[in-house]
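Next up is a structure, given as structure tokens.
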Amino acid sequence: MEENLFGQFLYEKRKQQGLSQYQLGSLLGVSGKAVSKWERGVARPKSQLLYKLSAVLGVTADALLIGAEYPRAGSAGCLSEPWRDRLWDEAYRHLRERYGDRPPIEIVSRFENEKLVLANTDIVQFFRVISAMAKKAEESGMPVFLQGSAGASFLAYLFGASDVNPLPAHYHCPRCRAVEFVPGMADGWMLAPKACARCGTPLVRDGHDMPFEVLRHTIGRNMGFELVLCEGFYETAKSILLSGLPGYMVTVLEPPAESMARPGVSKVRTFVCSPMGMGHANGTCAVRCSQVEYQDRIYGKPYISLLSYDAYERCAALERRVDVARSDIDILDREAVELLLRGETDGIPDFGLYDMKELLARFRPGHLGDAIAVYGIGLLASALPREEASAFIRGIASLSEAIVYRDDVFRYLDSRLKEHGYYDFGLAYAVMDRARRGAYRGQGMDPHTKAMLRDIGVEEHYISRLEKVPYLFPKSQGIVSVKYALTLLWIKVHHPEDFRRLL
């Protein structure tokens with residue numbers, strides 16, 4: 001790639017976004033002079049800035065690296081239609097097994113909505129493979145968990161690829177499969193304990209109200225999945241991935257450290273899936289590659305990255321020692337929840353997030369919905385330079401004023417549209433998509449969009465806060481973090497000696 005291609009492409013995209021060099025630099029935590037040097041080919045941004053730069057400009061990191069945008073690979077995928085149909089039938093069986101032969105219309109509608117969008121993609125097979133890996137890991141006492149926006153998929157939840165339920169808040173009876181939705185409740189974890197009116201079984205409190213639209217922007221683009229696992233499970237995970245994706249050739253990459261730089265990560269391997277005939281035989285050894293090579297290899301292809309954290313190795317060892325299946329741990333245990341809300345999280349790893357003990361003490365969450373928001377602030381702060389992160393946190397007066405997750409922005413704007421008789425979510429999606437990339441923070445919101453938001457009753461202070469958002473993570477990522485913190489706190493409460501010994 002010639003140097004001037006990057007600079008010219010950067011200049012064109014910056015102008016399209018209406019950003020000055022100073023504004024773009026402010027979004028990235030660098031000076032306007034640095035941006036000027038990039039555009040003139042005098043210097044290049046550090047690799048860890050590429051993803052943030054791509055998010056701000058609304059392009060992919062690989063497009064920045066090659067200095068051009070090309071049409072993406074088609075989303076139709078490699079699976080045969082009969083095989084896809086069988087997988088969707090399997091997904092519906094999982095639906096009936098969990099919610100009964102006549103599930104509530106809210107559940108069926110969510111399933112059919114995802115099927116309408118995803119039916120011609122291979123994502124159902126990827127969820128199935130990730131599910132197989134998760135089940136095998138659970139049997140081995142070394143569980144894996146999925147990070148990122150894929151947690152907003154009900155399909156992923158049904159297959160067991162994600163343990164985050166995206167449905168609205170509800171009670172669910174594991175015995176007679178009765179379901180009771182609770183309108184107006186922000187999160188199912190906030191529901192009071194209750195027994196089933198039919199059979200007397202304690203009800204499961206679940207549902208995090210995550211709209212599928214937060215995942216929609218990835219459809220037709222690279223399907224990227226990140227899973228955290230123990231190094232001891234890596235070879236088994238690799239075997240499942242290499243054998244579980246018919247129609248794909250799988251190459252194992254060892255990305256450069258700076259491209260996946262995260263505190264505490266000890267090992268990263270990325271499995272890139274190419275349509276049959278586009279690659280060589282399935283890889284067994286990881287191929288080391290540069291940043292440019294890595295981006296080129298994943299361009300337009302689905303991929304799965306496996307990450308190992310040093311802290312997670314100790315956590316998994318603790319789980320094996322107490323010998324209690326994760327599915328049997330009550331994450332809503334009163335004592336464990338109270339410890340989290342009080343910020344008494346000594347010994348609980350942050351897994352690369354901003355100091356969560358400090359954030360919990362600062363914002364003092366009153367319930368688990370608040371705690372999920374605090375973890376979202378931790379996600380945002382961890383993506384910013386330390387000094388900028390501190391200023392960002394100081395600028396949040398209270399949790400009620402914080403805009404944290406892309407899910408919440410979309411849900412709020414969509415509800416405002418519907419209150420005013422507009423049932424197309426296009427405006428809600430467009431504003432959410434720009435906010436998640438931090439575009440409003442750099443150039444402000446254009447007057448026309450502001451006028452439309454005012455027309456549907458959006459308050460001025462909310463618009464003002466949107467203009468300060470540096471980036472928005474998917475809510476599922478915060479929920480996964482809270483859920484695992486509660487898992488470890490349950491062990492701390494009920495197996496204190498083991499906890500002190502290993503953590």
Side-chain angles (χ1 to χ4, degrees), residues 48 133-134 137-138 140-148 151 162-164 225-237 254-255 257-270 304-326 329 331 336-337 339-340 342-361 371-372 374-384 386 389 473 476-503:
Q48 56 261 41
M133 190 192 312
E138 190 77 34
S140 306
M142 295 183 285
V144 303
F145 56 83
L146 177 67
Q147 297 187 136
S162 169
D163 58 0
V164 177
F225 307 95
E226 289 188 357
L227 294 98
V228 177
L229 79 171
C230 297
E231 285 196 32
F233 187 70
Y234 172 77
E235 290 299 328
T236 302
E254 181 180 347
E258 63 270 20
S259 71
M260 303 292 283
R262 296 170 193 184
V265 173
S266 56
K267 183 176 182 179
V268 180
R269 294 292 183 271
T270 297
I304 297 175
S305 289
L306 304 181
L307 293 77
S308 298
Y309 283 84
D310 293 330
Y312 191 60
E313 300 290 337
R314 300 194 301 275
C315 294
L318 174 62
E319 291 186 72
R320 290 193 295 274
R321 183 177 181 86
V322 301
D323 196 26
V324 177
R326 190 175 291 185
I329 291 177
I331 62 165
V337 170
L339 285 177
L340 182 68
R342 292 199 301 264
E344 297 177 19
T345 57
D346 294 317
I348 307 301
D350 292 333
F351 296 107
L353 299 187
Y354 193 90
D355 188 337
M356 292 310 305
K357 188 174 179 63
E358 175 188 325
L359 293 181
L360 289 165
I372 293 170
V374 173
Y375 270 78
I377 293 172
L379 282 165
L380 283 169
S382 66
L384 298 171
R386 186 75 185 186
F473 281 86
S476 59
Q477 198 155 337
I479 293 168
V480 166
S481 298
V482 173
K483 189 167 188 176
Y484 198 50
L486 289 169
T487 298
L488 296 175
L489 286 169
W490 183 92
I491 296 174
K492 184 176 184 178
V493 168
H494 297 281
H495 298 268
E497 292 301 323
D498 292 323
F499 184 88
R500 282 193 291 270
R501 185 175 293 114
L502 291 179
L503 289 182

**Asked** Are side-chain heavy atoms of Leu488 and Pro349 found at a separation under 4.5 Å?
**Response**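 The answer is yes; the side chains approach within 4.5 Å.
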**Complete:** When rounded to the nearest 0.5 Å, the distance separating CG of Leu486 from CD1 of Ile491 is 11.5 Å
**Message:** Quick check: do Gln477 and Tyr375 have side-chain heavy atoms less than 4.5 Å from each other?
**Reply:** no
**Request:** Starting from the C-alpha separation in whole Å, work towards a yes-or-no answer on side chain to side chain contact (heavy atoms under 4.5 Å, CB included) for Val480 and Val164.
**Result:** CA-CA 7 Å; Val480 166; Val164 177; 3.7 Å; yes
**Complete:** In terms of heavy-atom contacts, Ser162 and Leu146 come closest through CB-CD2, 4.2 Å
**Message:** Quick check: do Phe351 and Ser382 have side-chain heavy atoms less than 4.5 Å from each other?
**Reply:** no
**Asked** Are Lys267 and Leu307 side-chain neighbours, meaning at least one heavy-atom pair lies under 4.5 Å?
**Response**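 They are not in contact (no side-chain heavy atoms under 4.5 Å apart), so the answer is no.
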**Asked** Quick one: does Trp490's side chain get under 4.5 Å of His494's, heavy atoms only?
**Response**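 A side-chain contact exists here, since the closest heavy-atom pair is under 4.5 Å.
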**Item:** Residues Ile348, Leu489; criterion side chain to side chain contact (heavy atoms under 4.5 Å, CB included); working and verdict
**Value:** CA-CA 8 Å; Ile348 307 301; Leu489 286 169; 3.9 Å; yes
**Prompt:** Side chains of Val322 and His495: does their closest heavy-atom pair fall under 4.5 Å?
**Reply:** yes
**Asked** Among Val482, Leu340, Leu360, whose side-chain contact (heavy atoms from CB on, under 4.5 Å) with Val374 holds?
**Response** Leu360
**Message:** Pairing donors with acceptors under 3.5 angstrom, does anything connect the side chains of Thr270 and Ser305?
**Reply:**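 There is such a pair between these side chains.
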**Request:** Provide the closest heavy-atom pair for Tyr312 versus Val144 in the form atom of the first, atom of the second, distance.
**Result:** OH-N, 4.2 Å
**Request:** Mind checking the CZ-CG spacing from Phe233 to Leu306? Nearest 0.5 Å is all I need.
**Result:** 9.5 Å
**Asked** Can you tell me how far CD1 of Ile377 sits from CD1 of Ile372, rounded to the nearest 0.5 angstrom?
**Response**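 CD1 of Ile377 is found 12.5 Å from CD1 of Ile372.
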**Request:** Could you tell me which non-hydrogen atom of Ile331 sits nearest to which non-hydrogen atom of Val337, and how far apart they are?
**Result:** O-CG2, 3.9 Å
**Check: Val324 and Ile329 side chains under 4.5 Å, non-hydrogen atoms** =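 Yes, at least one pair of side-chain atoms sits under 4.5 Å.
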**Prompt:** Under 3.5 Å, side chain of Ser140 to main-chain N/O of Met142, donor-acceptor pair present?
**Reply:** no
**Request:** For the residue pair Phe145 and Tyr484, categorise the inter-ring angle as parallel (less than 30°), tilted (30 to 60°) or perpendicular (more than 60°).
**Result:**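 If you compare the ring of Phe145 with that of Tyr484, the planes turn out tilted.
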**Item:** Residues forming a salt bridge (charged side-chain N to carboxylate O under 4.0 Å, His left out) with Lys357, sequence neighbours excluded
**Value:**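 Partners of Lys357 by the salt bridge (charged side-chain N to carboxylate O under 4.0 Å, His left out) criterion, ordered by chain and then number, come out as Asp346.
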**Prompt:** Hey, is the main chain of Asp163 close enough, under 3.5 Å, to the side chain of Lys483 for a donor-acceptor pair?
**Reply:** yes
**Request:** Work out which heavy atom in Leu353 is nearest to a heavy atom in Ser481; give both atom names and the distance.
**Result:** CD1-OG, 4.1 Å
**Prompt:** Can you list the residues that meet the ring-ring contact (aromatic ring centres under 6.0 Å, His included) rule with Phe473, with sequence neighbours excluded?
**Reply:** Tyr471
**Prompt:** Going through the distances and angles, do Val265 and Ser308 end up as a side chain to side chain contact (heavy atoms under 4.5 Å, CB included)?
**Reply:** CA-CA 6 Å; Val265 173; Ser308 298; over 6 Å; no
**Message:** Using the side-chain contact (heavy atoms from CB on, under 4.5 Å) definition, which of the options Arg321, Glu497, Arg314, Arg320 pairs with Leu502?
**Reply:** Arg321
**Asked** Below 4.5 Å, heavy atoms only, C-beta onward: do Leu227 and Met133 meet side chain to side chain?
**Response**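 When only atoms from C-beta onward are counted, Met133 and Leu227 do touch, with a gap below 4.5 Å.
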**Request:** Could you tell me which residues satisfy salt bridge (charged side-chain N to carboxylate O under 4.0 Å, His left out) with Glu358, sequence neighbours excluded, listed by chain and number?
**Result:**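 So Glu358 forms no salt bridge (charged side-chain N to carboxylate O under 4.0 Å, His left out) with any residue.
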**Request:** Identify the two heavy atoms, one from Leu229 and one from Glu313, that lie closest to each other, and give their separation to 0.1 Å.
**Result:** O-OE2, 4.3 Å
**Asked** Closest heavy-atom contact between Ser266 and Asp310?
**Response**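 In terms of heavy atoms, the two residues are closest at CB-OD1, 3.1 Å.
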**Item:** Residues Glu319 and Arg326 bridged, charged N to O under 4.0 Å
**Value:** yes
